[in-house]
Structures are given as structure tokens and as C-alpha cells.
J.: 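Here it is, the structure, as C-alpha cells.
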Amino acid sequence: PIEDNTHPIIRQGKVLGAVVVFQDITHRKNAEADLQKLWLAVEQNPVAIFITNLNFEIEYVNNSFTEMSGYSREESIGKNPRFLKSGYTSQKTYQEMWDRVLQGEVWSGELNDRCKDGHEIAVWSKISPVRQADGRITHYLAIQEDISQKKLLTAELDAHRNNLENLVNERSAELAAAVETIKVNEERFGFALDASNDGIWDWNIQTNHTYCNQAYFRMLGYESNDFEPNAQSHWVNLLHPAERDDTVNTVMQRLQSDGSFEVEFRMMTKSGDFKWILSRGKTVAWDEQGNPIRAVGTHTDLSARKQIEI
């Protein structure tokens, strides 16, 4: 695309001609398109996200935040996040959070918030500074996940496990299954720990074109220019051969039937090794026949957790 600016040449009140300047704005348009994709990926992300200024006044909330809290954008913008406090988070937790944040460090932990309708939720929060190119901190980014149901399920399973321990040996298999289920749910609580480093992706299923942020490539050791901008290059070709077909089929099936998915799989790093990834995605657009045509989501590096499991 070309942009032109015209400046008339006027002498004694008469237009004698004009100077026309043409400028190639391809790079600017591409940058604007990438920025729009990133904004949409954040706006439609399945986890709640809000951004504050240095006075801790909220300047932005995404859709998941409004759905989780019940507060609209208009009700949230300009407020200090303390309006969400339920009164059940310890002062020690807040002190640790402020100590880390005010030192320009990343803090993560569990908070108890109160939604607009009065009910309380447990959220796993990660707060990190937003730095400009010169290193100055200008904003704070908070990423939150409602873990209330997970905590409730864990508590129920814990109680069930304790009861099973008092039963006879014939129920030992049932106890083992409950313990394993608890383990799986506890591991899932770690999703928000590295949220600020998650890879973000935006997939046009019709054209197969994909946009991924730098963290997506960095967790695998690549640069963005190592790939063509499509799902085959960014994702499918990097999947472990033994699970590639099943993974792609599972993701497509869940996007079609459920509108979202949460899947673990292995992806090849630049060094040739395979790294475990937790992928979460959500369908955000469908065609007239009800088929998904666009999805957005995140990738989380599970390497540390898998190493512990070994």
C-alpha cells in the first residue's frame, strides 16, 4: 500500500501547482496487523487479564476478566484492583505481593476475590512489570485463573481419599484412583505460574494462517522467522511423530464439539529434543454450518513438571 500527501503551491492567492509525496506504508500496515492479532489473542484469551498503570489504576481488562468477576469494563477501568478483595486473603500474602511488585519482580500466588454478585472465588494470580525498551516500568500485567472449582474438587477428593484409607484392602484400587486424580488436579493449578511467559497463538482455520508471539517460539528455542506463518509449520510439523495425528484430531474434534480444549503433547525444540507443552485453546468464530473457523489460545512449557514426574 502507498500513502500520498499533497501540498498545494500558492502564489498571490493562486494555486500554481502541488507537491505530492508518496510513501510506502507496507511495513506500518504489517505492524498494525500484527498488533491487532496480538490484541485479539489477549482480548479473547481464556484466562483473565488486566493491566494497571503505576498508580495501580486499572486501564484494561479482557473479556475473561469481566466474565470471571462480573464487573463490566466501565465498572473496572480506573479502579484499584483492591475493589475485588474479599477480606479472606492474609495480610502476609499482600505484603509479599507488594514487596515483589514494587521491586520490579514477578509475583505469583493465590488470592481470594469477591465477584460483583457477592460470591467469592479463589484465583491464581501472576503479576509482572511491563517494561519499555529503555527498561522503565510503565504498567503492571496481571493474569488470573479461577481455581475455585479445582480447589473444591481437590477438597472433595482429599476427603474421599481419607475415608478410603480406613476401608478394607478390597477398596485399595479405588483409593489409588482417587489419589491419582488429586495429583492431576494439583498439577493443573500450576498453569498460572508461568502465565506471563506463555506462548500466545491465533489460528485462522480456514486459511491455516497462524500468528504466534515471541514467547511461543522462545520456549522451543526458535525465532519467528524460522517458520512459515501457518499451523503446519508452527505446530503440526513440530509435534512428536508418534502422537501427531491423534493430537491434531483431538484438537479439531474438541474445537468442533466443545468449543475449547486442553491438551498436553510434545513439540520438537531447535536442538532436536522434544518438550512437553500444555495447550489451551478456544473457538472464537464459526461459519454458517457451525464449523470452527478461528481459534486462539496459549502454550505453557511443562518441562519442569515432567522432569519432576520422572
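The analysis underlying the following values was restricted to heavy atoms, covering all of them including side chains, and did not include hydrogens, waters or symmetry mates.
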J.: Is it the case that one hydrophobic cluster holds both Trp201 and Leu239, taking links as side-chain heavy atoms less than 4.5 Å apart, direct or via other members?
T.: yes

J.: Please report the closest heavy-atom contact between Ser233 and Leu238, naming both atoms and the distance.
T.: O-CG, 4.0 Å

J.: Between atom OG of Ser69 and atom CZ of Phe50, what is the distance when rounded to the nearest 0.5 Å?
T.: 10.0 Å

J.: After noting the C-alpha distance and the side-chain angles of Thr283 and Arg294, does the key distance pass the side chain to side chain contact (heavy atoms under 4.5 Å, CB included) rule?
T.: CA-CA 6 Å; Thr283 303; Arg294 185 181 178 194; over 6 Å; no

J.: Strictly below 4.0 Å, N to O, side chains only: are Glu110 and Lys151 in salt-bridge contact?
T.: yes

J.: Tracing side-chain links under 4.5 Å among I, L, V, M, F, W and Y, which residues wind up in one group with Val296?
T.: Val284

J.: I'd like to check the side chain to side chain contact (heavy atoms under 4.5 Å, CB included) partners of Arg114; sequence neighbours left out, ordered by chain and number.
T.: Ser86, Tyr88, Glu120

J.: Could you walk me through whether Thr300 and Asp198 pass side-chain hydrogen bond (donor to acceptor under 3.5 Å, both in side chains), step by step?
T.: CA-CA 5 Å; Thr300 301; Asp198 277 358; 3.0 Å; yes

J.: Is any side-chain heavy atom of Ile293 closer than 4.5 Å to a side-chain heavy atom of Asn204?
T.: no

J.: Rounded to the nearest 0.5 Å, what separation is found between the CD1 atom of Ile277 and the CH2 atom of Trp235?
T.: 12.5 Å

J.: Which residues pass the side chain to side chain contact (heavy atoms under 4.5 Å, CB included) test with Asn237, sequence neighbours left out?
T.: Gln232

J.: How far apart are the closest heavy atoms of Tyr140 and Pro129, and which atoms are they?
T.: CD2-CA, 3.9 Å

J.: Identify the heavy atoms of Met219 and Gly199 that sit nearest to each other, and give their distance.
T.: CE-N, 3.5 Å

J.: Hey, is CD on Glu228 packed in by over 12 heavy atoms from elsewhere, all under 6.0 Å?
T.: no

J.: So which heavy atom on Trp276 is nearest to which on Asp301, and how close?
T.: O-OD1, 3.8 Å

J.: Has the side chain of Ser64 got a donor or acceptor atom that lies under 3.5 Å from a matching backbone atom of Asn45?
T.: yes

J.: Heavy-atom distance under 4.5 Å between the side chains of Ile205 and Pro292, does that happen here?
T.: yes

J.: Which residues pass the salt bridge (charged side-chain N to carboxylate O under 4.0 Å, His left out) test with Glu75, not counting sequence neighbours?
T.: Lys116

J.: For Phe274, what residues pass the ring-ring contact (aromatic ring centres under 6.0 Å, His included) criterion, not counting sequence neighbours?
T.: His240

J.: For the hydrophobic clusters of this structure (ILVMFWY residues joined by side-chain heavy atoms under 4.5 Å, transitively), does one cluster hold both Val263 and Val248?
T.: yes

J.: Give the C-alpha distance, both sets of side-chain angles, the deciding distance and a yes or no for side chain to side chain contact (heavy atoms under 4.5 Å, CB included) between Val130 and Ile137.
T.: CA-CA 6 Å; Val130 177; Ile137 297 174; 5.9 Å; no

J.: Could you check whether any side-chain N or O of Thr207 sits under 3.5 Å from a backbone N or O of His209, counting only pairs where one atom can act as donor and the other as acceptor?
T.: yes

J.: Going by the rule ring-ring contact (aromatic ring centres under 6.0 Å, His included), which residues pair with Trp286 if we only count those two or more places apart in sequence or in a different chain?
T.: none

J.: Do Ile143 and Trp124 make a side-chain contact, defined as non-hydrogen atoms from C-beta onward lying under 4.5 Å apart?
T.: no

J.: Are side-chain heavy atoms of Ile58 and Pro81 found at a separation under 4.5 Å?
T.: yes

J.: Which pair of non-hydrogen atoms, one from Gln144 and one from Ser125, has the smallest distance, and what is that distance?
T.: NE2-OG, 2.9 Å

J.: List for me each residue that meets side chain to side chain contact (heavy atoms under 4.5 Å, CB included) alongside Asp146, sequence neighbours excluded, and say none if there are none.
T.: Met68, Ile121, Ser148

J.: What's the spacing between Glu59 CD and Ser76 OG if we round to 0.5 Å?
T.: 13.5 Å

J.: Atom CG in Asp158, atom NE2 in His160: separation rounded to 0.5 Å?
T.: 11.5 Å

J.: Report the C-alpha distance between Asp113 and Lys85 in whole Å, list the side-chain angles of each, state the deciding distance to 0.1 Å, and finish with yes or no for salt bridge (Lys or Arg N to Asp or Glu O under 4.0 Å).
T.: CA-CA 5 Å; Asp113 287 349; Lys85 291 173 62 174; over 6 Å; no

J.: Less than 4.0 angstrom from a charged side-chain N to a carboxylate O is my criterion; do Lys270 and Glu223 meet it?
T.: no

J.: Any side-chain heavy-atom pair from Thr250 and Phe261 closer than 4.5 angstrom?
T.: no

J.: When you compare the side chain of Arg280 with that of Glu262, does any pair of heavy atoms fall below 4.5 Å?
T.: yes

J.: Taking C-beta and beyond as the side chain, do Tyr222 and Met268 meet within less than 4.5 Å on heavy atoms?
T.: yes

J.: Got a sec, which residues hit side chain to side chain contact (heavy atoms under 4.5 Å, CB included) with Asn80, two or more places apart in sequence or on another chain?
T.: Phe56, Arg82

J.: Can you see whether Gln95 engages Asp99 through a side-chain donor-acceptor pair at a distance of less than 3.5 angstrom?
T.: yes

J.: If two hydrophobic side chains count as joined below 4.5 Å and joins carry through other members, does Leu220 share a cluster with Trp203?
T.: yes

J.: Tell me every residue that passes ring-ring contact (aromatic ring centres under 6.0 Å, His included) with Phe83, counting only those two or more places apart in sequence or in another chain.
T.: Tyr71

J.: Is it the case that Thr52 and Glu57 place a side-chain donor and acceptor less than 3.5 Å from each other?
T.: no

J.: List in chain and number order the residues that pass ring-ring contact (aromatic ring centres under 6.0 Å, His included) with Tyr216, two or more places apart in sequence or in another chain; answer none if no residue qualifies.
T.: His299

J.: How many angstroms lie between OG1 in Thr210 and CG in Asp202, if you round to the nearest 0.5 Å?
T.: 8.5 Å

J.: So, the side chain of Arg100 versus the backbone of Glu105: is there a donor-acceptor pair under 3.5 Å, distance only?
T.: no

J.: Partners of Glu243 by salt bridge (charged side-chain N to carboxylate O under 4.0 Å, His left out), sequence neighbours excluded?
T.: Arg266

J.: Kindly state whether the ring of His234 and the ring of Phe217 have centres lying under 6.0 angstrom apart.
T.: yes

J.: Answer with yes or no whether the hydrophobic clustering places Leu102 together with Trp107; edges join I, L, V, M, F, W, Y residues whose side-chain heavy atoms lie under 4.5 Å apart.
T.: yes

J.: So, does Thr93 use its side chain to make a donor-acceptor pair with the main chain of Thr89 at under 3.5 Å?
T.: no

J.: If Ile, Leu, Val, Met, Phe, Trp and Tyr residues are connected whenever their side-chain heavy atoms lie under 4.5 Å apart, and connections chain through other members, are Tyr211 and Phe227 in the same group?
T.: no

J.: Would Lys79 and Glu74 pass as an ion pair if we require N to O under 4.0 Å?
T.: no

J.: For Glu288, look at atom CD and say whether over 12 heavy atoms of other residues, nucleotides or ligands are found less than 6.0 Å away.
T.: no

J.: Would you please name every residue forming a salt bridge (charged side-chain N to carboxylate O under 4.0 Å, His left out) with Asp134, sequence neighbours left out?
T.: Arg136

J.: In Å, rounded to the nearest 0.5 Å, how long is the span from CG of Leu84 to CG of Asn112?
T.: 12.0 Å

J.: Tell me, do Gln256 and Met252 make a side-chain contact under 4.5 Å, heavy atoms counted?
T.: no

J.: Please find the pair of heavy atoms, one from Ile127 and one from Ala142, that lie closest to each other, and give the distance.
T.: CG1-CB, 4.1 Å

